Amino acid sequence: MEKDFRILYIEDDRGDVDLLQYAINMIPGNRCHLSVIEDGEKAMTFIEQRDKNPQESPNLILLDLNLPRVHGRDVLLKLKGSAELCRIPVIVLTTSARQEDVDFCYEAGANAYIKKAIGFKEYQETVRRLIDFWAGTAVLPSPLRTSNPR
Amino acid sequence: MIPSIDVTPTLRGGAQWNTESRLLRHLSPGDHICHFYQKASDLTEVLVPFFRDGLLQGEACVWVLDNAKEIDGAKKALQAAVSDLDDRLQKGQIRIIAAPASHDTNAVKAIAELSKTIESTYGKEFTGFRLATNRCRVSSAASGLEVFEAGLAKLLKLHSAVAICSYSLETSNGAQVLRAMENHPYILVRRESGWYFVESPSSIRIEEPAVENAEQFRLLLESVKDYAIFLLDPEGTIVTWNIGAERLNLYTGKEIVGKNFKVFYTPEDSKAGVPGKLLAQALKDGRVQTESWRVRKDGTRFWAEVVITAIFDNNGRHVGYAKQTRDLTERKLHDESLIAAHQQLERRVEERTAQLNAISQALARSEEIFRRAIKESPIPMLLQDQTGAIVQISRGWISSSGFDPCDFKTMNEWIHKALKEKAEDFIEEVYQPHKPNETVARGEWTIEAKNGEKRIWEYFTTSFSSLIGGHEVLLHTAIDITDRKLAESHLIEQSRDLEQFAYVASHDLQEPLRKLASYAQLLEMNYTSHLDDNGKRFITYIVDGAERLQALISDLLLFSRSARDEIRMEPTDLGMVVKNVLDDLQELVQESSAKVQVGDLPVVQANAVQMGQVFQNLISNAIKFKNEGPSEIEIRTERQGDFWLISIKDNGIGFEMKYQEMIFKVFQRLHTRDRYPGTGIGLAICKRIVEKHGGKIWVKSEPGEGSTFSFTLPATGA
């Protein structure tokens, strides 16, 4: 991992954020920077502002579904409807195993749907593979939008 | 008054009567004439001139016809002879009427009626009275004819009237003809050359040579079919012969006339001189009647009733005998069988009457029971007749709808009161269409009770084509499903709550659990150096507890979904399902070095995911509850009628059969979690899924000997 890898985590639970941070920290030589938005409403505002005033975007967005005030589903729709952020990969990271949720998210344009494992060891392994793939294997779009396909 | 005319010279000796000559000339007051006819023209030929003469003479006339249909024809015929008939009819000089029904059955009444008719017609302005009555139907009553004719004769004398009684030769039998002849002083009979007057045999007082009169009598008698009637001379030589005699004795007139009547007697009777003795007795007493065997021409015998009457001329000179013979063989048999038949008939009538009474009583009883049953029924029931009027109404109808019988008289009224704006729809869909004896459920209808409360009725109508008094009735039955509907809507709400719970369970409940487990592990990983052995053990408990709770929650979720979810059934290859399950369980199978034998499995109509859950649970149980040594598992299939029987047999620890029902219940476990981990939901899920597929699941087991779980699935479409 040669460059910094910016991750936006939309998650209301501090414990989950810490857990992710721990899991990332355990990946040797990682250069991930985690920023957090704590609820759905704030996420919606964030997306609107980015559309008005484009700045460097995160490389990867992790989204929890069960968010207070505005549901993760709506945040996902907003993200994929955003001119600025629609190109950024969104990984739904949740405890819900409901097929309805899975189907909805993929239909809305989520790039992956991952069920959080119960035990930490398993969870850490999931996160390691996730970061490994998106930060190491996948080729990602530019942080700043260069084209306007619409 | 009819002028008294001495008719004797012309009538005696069989005067021929020309219809153009005036009949009146031959009649005197009180004359009572018997008239035999064969066809309708025979009637008018005699009666038209009879009445014409009367009318022109200024006499009152009454023409009594057999039935009303003949009145017009009679009028027309008479009108042709009497041009001013209409005036005379209006004046009441002549009345043409149909015989009252009593003429056939009650002679006394008939005479009484005739008497009234005569009295009401016979006024002072008329010079006489004449009557014609058609007696062709007189046959029925036994002594009706005699009573009638005797009564009529008296009437005629009383009113100085004359009458012609017409008898049909077609419908009267021989006996009746004889009786008619005997009861009238004069007989009018048609021969080829015209109409002849004949003095009745009962009043024959021959003054002129007997032969001439006998000739006329013979002609009359010849037409009698049912009696052998013939005349004998004083020596017993046969003088005349008739059709009846020919039929009875089988001789033709040519063969027999001139022979002695002895030929009819048996040789024994002839030897004994019976024929002569009979003649002698007839001569002595005037008449002799016997019954005995007689012989036909062909030698056969018959049982005969014979009446021999001596005939004298006016001077008292014996001129011969009239002999009438009747075959009593058949009559006797007939009488006997008639009596028997009659008795049997009466018995049958009695039996039938008793049966009918019993049936009608039973019917009345069952109708009463039926109506009572309706009346007392707590279910809304209403019985109506075909006009829509209410026949019976049940307690349930009143209590559910609030309308009692005072509120409505017809079904239509009720419909409009209870169905309000839906009344027309109801009439069209429920009330009108029905086939006899058919019960039809006509769906749910919301009725408005008298107090305004809405009730939901599931409605049925049944029509009975002949229940009460043979009329069609309609039975309306309803089931008040208001409460059930309410419960159903509660259930739907509850089901929504459950769905909410399911979501909570799948997400919200697992979140804190996950955190608990994860941080306990983090603690274990990174802080073990700060903990003593107890601390480390406690962390293990936390992790284990959290994991178990998570398993419970997800199984519980599965269990609640297995019952609630609408599942899609499709042709499912159970062989593939089992293969996938075994792939998933590969690790477990290898770990426990289990041998799994899978026989041929069918393709069934099922949900593959749920079938997978069933096999997953059963196979993993078979592996989990193992004895010492490697486990052997056998999966087999067998066709049983409309079902597939699938069994999974293991050589595991087994259990006592008293637990066989318990193990299929949620959270019921037989073993400690330490030895055999599990949530206790697996088999409950299996049971639900199998039952949802229309099958059954059960188990046979013995401690230490292993268990066999079996379930069935419908083989439809397979």
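Chain letters run A, B, ... following the sequence lines, proteins first and then strands; every chain starts at 1. Keep in mind the model is a prediction, meaning the values are calculated, not measured.
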J.: Ion pair present between A:Asp13 and B:Lys515, side-chain N to carboxylate O less than 4.0 angstrom?
T.: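 A salt bridge links A:Asp13 with B:Lys515.
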J.: For B:Lys536, look at atom NZ and say whether over 12 heavy atoms of other residues, nucleotides or ligands are found less than 6.0 Å away.
T.: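 Yes, the 6.0 Å shell around NZ holds more than 12 heavy atoms from other groups.
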J.: Ignoring hydrogens, what is the shortest heavy-atom contact between B:Tyr519 and A:Leu19? Give both atom names and the distance.
T.: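 Nearest pair, atom of B:Tyr519 first, then A:Leu19: OH-N, 3.3 Å.
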J.: Should we count CD of A:Glu122 as having more than 12 external heavy atoms under 6.0 Å?
T.: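 No, the 6.0 Å shell around CD holds no more than 12 heavy atoms from other groups.
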J.: Mark yes when over 12 heavy atoms from residues, nucleotides or ligands other than B:Glu587 sit less than 6.0 Å from its CD; otherwise mark no.
T.: no
J.: Is atom CZ of A:Phe104 surrounded by more than 12 heavy atoms (other residues, nucleotides or ligands) closer than 6.0 Å?
T.: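 More than 12 within 6.0 Å, yes.
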J.: Just checking A:Lys116: does its NZ atom have more than 12 heavy atoms from other residues, nucleotides or ligands closer to it than 6.0 angstrom?
T.: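 Atom NZ in A:Lys116 is packed in, count exceeds 12.
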J.: Just by distance, do the side chain of B:Arg514 and the backbone of A:Thr95 share a donor-acceptor pair under 3.5 Å?
T.: no
J.: If you measure from CZ on A:Phe120 to CG on B:Leu523, what distance do you get to the nearest 0.5 Å?
T.: 11.5 Å
J.: Testing the basics here: between A:Lys121 and B:Gln521, what is the closest heavy-atom pair and its distance to 0.1 Å?
T.: N-OE1, 2.9 Å
